[in-house]
Amino acid sequence: MSSSTATSAAVPTGSTSLSLQRSRRTDWLVFLVVMATFALVPPLLGGFALYIATIVAIFAIAALGLQIMVGLAGQLSLGHAAFLGVGAYTSVLLQKLYGVPFLAAVAIATLASALVGLLMGQLVRLSGIYFKIATFGFGIIVYQLLSNWSSVTGGHTGLIGIPPIRILGTVFRDRLSMFIIAMIYLAVTYALLLRLTHGRAGRAFRALGQNEAAAQSIGIPAASYKMAVIAIGCGAAGLAGTLLPHVYNFLNPEEFTWLQSLVLLIIITVGGLGSLPGAIVGAVVLVVVPEYLRAFQEYKMLAYGVLLIVSMIFMPRGIAGIVQGLVTRIRGRHAPAETPS
């Protein structure tokens, strides 16, 4: 059986197909609600709210990439923040040292992150806990390179003098401009990944995540799809990283440690594993709440740990799962009763 035939054979039919169509509509509806809220509320609040909303959008993009890897395909990465760093440093250095235009630098940096992801993807030959530990080690290697290659990256001192975003001769540097660009990034990333996850590739990713042996038994080439999902997830993180230095106005390797990778994992867990809207909702919770509780900043990681445990116990499907359950319940109440034959 060919891989395409096997994947097609895995396509659900009947009531399951209808359920997937409803899931797709729900994903789009939640996304539109979130985007509408983002588009209206931060500009009204101004200044600091715009800055925080921009950070939320950036981390949501990185979390979307991780969601595809972990929530769908079951490829747990413990070093995902490293690819934020690859995207950030590649983009800035191309602009700063070689005068590459912003959009071209973003494209190259995103591709570079995906290629580095493919390099990490060679670890798919490992299985289980060995793969997870290897991704953690890979993230540490990238962090050490960024920290110690001082002649290029600036080391622990970091990079300053970040070039402004320039598109078609127009310079964008104020908070409203950063916010709008980040929202465009997020909208495009979400739309592309939603289309992907509800297509043939997405069904193959889900099959791998649910039972790799069963997926292989129906002809799905597991290794190829694993490499593909890792490249996509890492590319999304790299894309997100290209905006960070322009928002922070500096670049430092401390932004890309294993702790940031842990935060990204908590984001998709609290938001809801396997849910694209959940990645956005999780980013809102994990970015906004700590920013407004700066008085308790030293307890941030403790709070993250408690939140993760509480989520796993009381919200195993995350916030998105709770919302989806409420929507299903409301639909059930308003569904027309079947007439007996």
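Residues: numbered from 1 along the sequence shown.
Taking CD1 of Ile108 as the start and OG1 of Thr242 as the end, the distance is 12.0 Å to the nearest 0.5 Å. The CG atom of Leu93 sits 8.0 Å away from atom OG1 of Thr153, with the distance rounded to the nearest 0.5 Å. Interatomic distance, Leu159 CG to Asn249 CG, rounded to the nearest 0.5 Å: 12.5 Å. Here the CD1-CG distance, from Ile55 to Leu243, works out to 9.0 Å after rounding to the nearest 0.5 Å. Atoms CD1 and CD1, from Ile319 and Ile280 in turn, are 12.5 Å apart once rounded to the nearest 0.5 Å. For the atom pair CG (Leu64) and CE (Met69), the distance works out to 13.5 Å, reported to the nearest 0.5 Å.
No donor-acceptor distance shorter than 3.5 angstrom exists from the side chain of Thr189 to the backbone of Leu186, with no hydrogens or angles considered. The backbone N or O of Ala81 sits less than 3.5 Å from a side-chain atom of Ser261, completing a donor-acceptor pair. With Ser311 contributing its side chain and Leu308 its backbone, the two residues share no donor-acceptor pair below 3.5 Å. With Ser177 contributing its side chain and Arg173 its backbone, the two residues share no donor-acceptor pair below 3.5 Å. Thr135 places no side-chain N or O within donor-acceptor distance of the main-chain N or O of Ser77, the cut-off being under 3.5 Å. Without hydrogens or angle criteria, Gln67 side chain to Gly272 main chain gives a donor-acceptor distance under 3.5 Å. Distance alone, capped at 3.5 Å, places no donor-acceptor pair between the Lys226 side chain and the Pro221 backbone. Checking side-chain atoms of Tyr304 against main-chain N and O of Leu286 turns up a donor-acceptor pair under 3.5 Å. Judged purely by atom type and a 3.5 angstrom limit, Ser91 has no side-chain atom pairing as donor or acceptor with the backbone of Gly87.
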Please evaluate residues Val106 and Tyr185 with respect to the criterion side-chain contact (heavy atoms from CB on, under 4.5 Å), reporting the C-alpha separation (whole Å), side-chain torsions for both, the decisive distance (0.1 Å), and the verdict. CA-CA 11 Å; Val106 167; Tyr185 271 40; 3.3 Å; yes

Run the side-chain contact (heavy atoms from CB on, under 4.5 Å) check on Val288 and Val56 step by step: do they pass? CA-CA 7 Å; Val288 172; Val56 168; 3.8 Å; yes

For a side-chain contact (heavy atoms from CB on, under 4.5 Å) check, start with the C-alpha distance between Val171 and Ile165, then their side-chain angles and the critical distance, and finish with the verdict. CA-CA 6 Å; Val171 175; Ile165 294 177; over 6 Å; no

Between Phe205 and Thr197, does a side-chain contact (heavy atoms from CB on, under 4.5 Å) hold up when you go through it step by step? CA-CA 8 Å; Phe205 293 155; Thr197 57; 5.7 Å; no

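Considering Leu307, Val281, Val310 in turn, Leu307 is the only one that fulfils the side chain to side chain contact (heavy atoms under 4.5 Å, CB included) rule with Val270. When the options Asp174, Leu176, Leu44 are evaluated for a side chain to side chain contact (heavy atoms under 4.5 Å, CB included) with Leu50, the one that passes is Leu176.
Among residues at least two apart or in separate chains, ring pair (Phe, Tyr, Trp, His ring centres under 6.0 Å) pairs with a member in residues 97-130 are Phe102-His246.
In this structure the side chain of Tyr248 reaches within 4.5 angstrom of the side chain of Glu255, judged on heavy atoms. Considering only heavy atoms from C-beta on, Phe131 stays 4.5 Å or farther from Leu76 through its side chain. Considering only heavy atoms from C-beta on, Ile167 comes within 4.5 Å of Phe172 through its side chain. Using a 4.5 Å cut-off on side-chain heavy atoms (C-beta onward), Arg203 and His198 make no contact. Counting heavy atoms from C-beta outward, Gln260 and His80 have side chains that stay 4.5 Å or more apart. Between Leu276 and Leu193, some side-chain heavy-atom pair lies under the 4.5 Å cut-off. You'll find the side chain of Ile133 stays beyond 4.5 Å of the side chain of Leu78, heavy atoms only. For the pair Phe83/Met120, a side-chain contact is recorded, criterion being any heavy-atom separation below 4.5 Å from C-beta on.
Linking ILVMFWY side-chain heavy atoms closer than 4.5 Å, directly or via other members, places Leu66 and Met312 in a single hydrophobic cluster. Under the 4.5 Å side-chain contact rule for hydrophobic residues, Leu40 and Tyr190 do not share a cluster. Clustering ILVMFWY residues whenever any of their side-chain heavy atoms sit less than 4.5 angstrom apart, transitively, puts Ile141 in a cluster other than the one holding Phe256. Under the 4.5 Å side-chain heavy-atom criterion for ILVMFWY residues, no single connected hydrophobic cluster contains both Leu145 and Ile140. Residues Ile313 and Val306 are members of one and the same hydrophobic cluster, defined by side-chain heavy-atom contacts under 4.5 angstrom among Ile, Leu, Val, Met, Phe, Trp and Tyr.
Around atom CG of Leu168, no more than 12 heavy atoms belonging to other residues, nucleotides or ligands sit under 6.0 Å away. By the 6.0 Å contact criterion, CG on Leu259 is enclosed, its count of non-hydrogen atoms from other residues, nucleotides or ligands being greater than 12.
Cys234 and Ser113 get closest at one heavy-atom pair: O-CB, 3.5 Å. A pairwise comparison of heavy atoms in Met183 and Ala57 identifies SD-CB, 4.2 Å as the closest pair. Thr54 and Phe179 get closest at one heavy-atom pair: OG1-CA, 3.2 Å. Here the shortest heavy-atom pairing between Ile268 and Ala63 reads CG2-O, 3.5 Å. Considering every non-hydrogen atom in both Gly117 and Ile230, the closest pair reads O-CG2, 3.2 Å. Among all heavy-atom pairs drawn from Gly65 and Ala236, the shortest one is CA-CB, 3.8 Å.
Applying the side chain to side chain donor-acceptor pair (under 3.5 Å) test to Glu254 and every residue at least two apart in sequence or in another chain returns Tyr143, His156.
In this structure, Phe136 and Trp258 have perpendicular ring planes: the angle between them is above 60°, well past the 30° mark.
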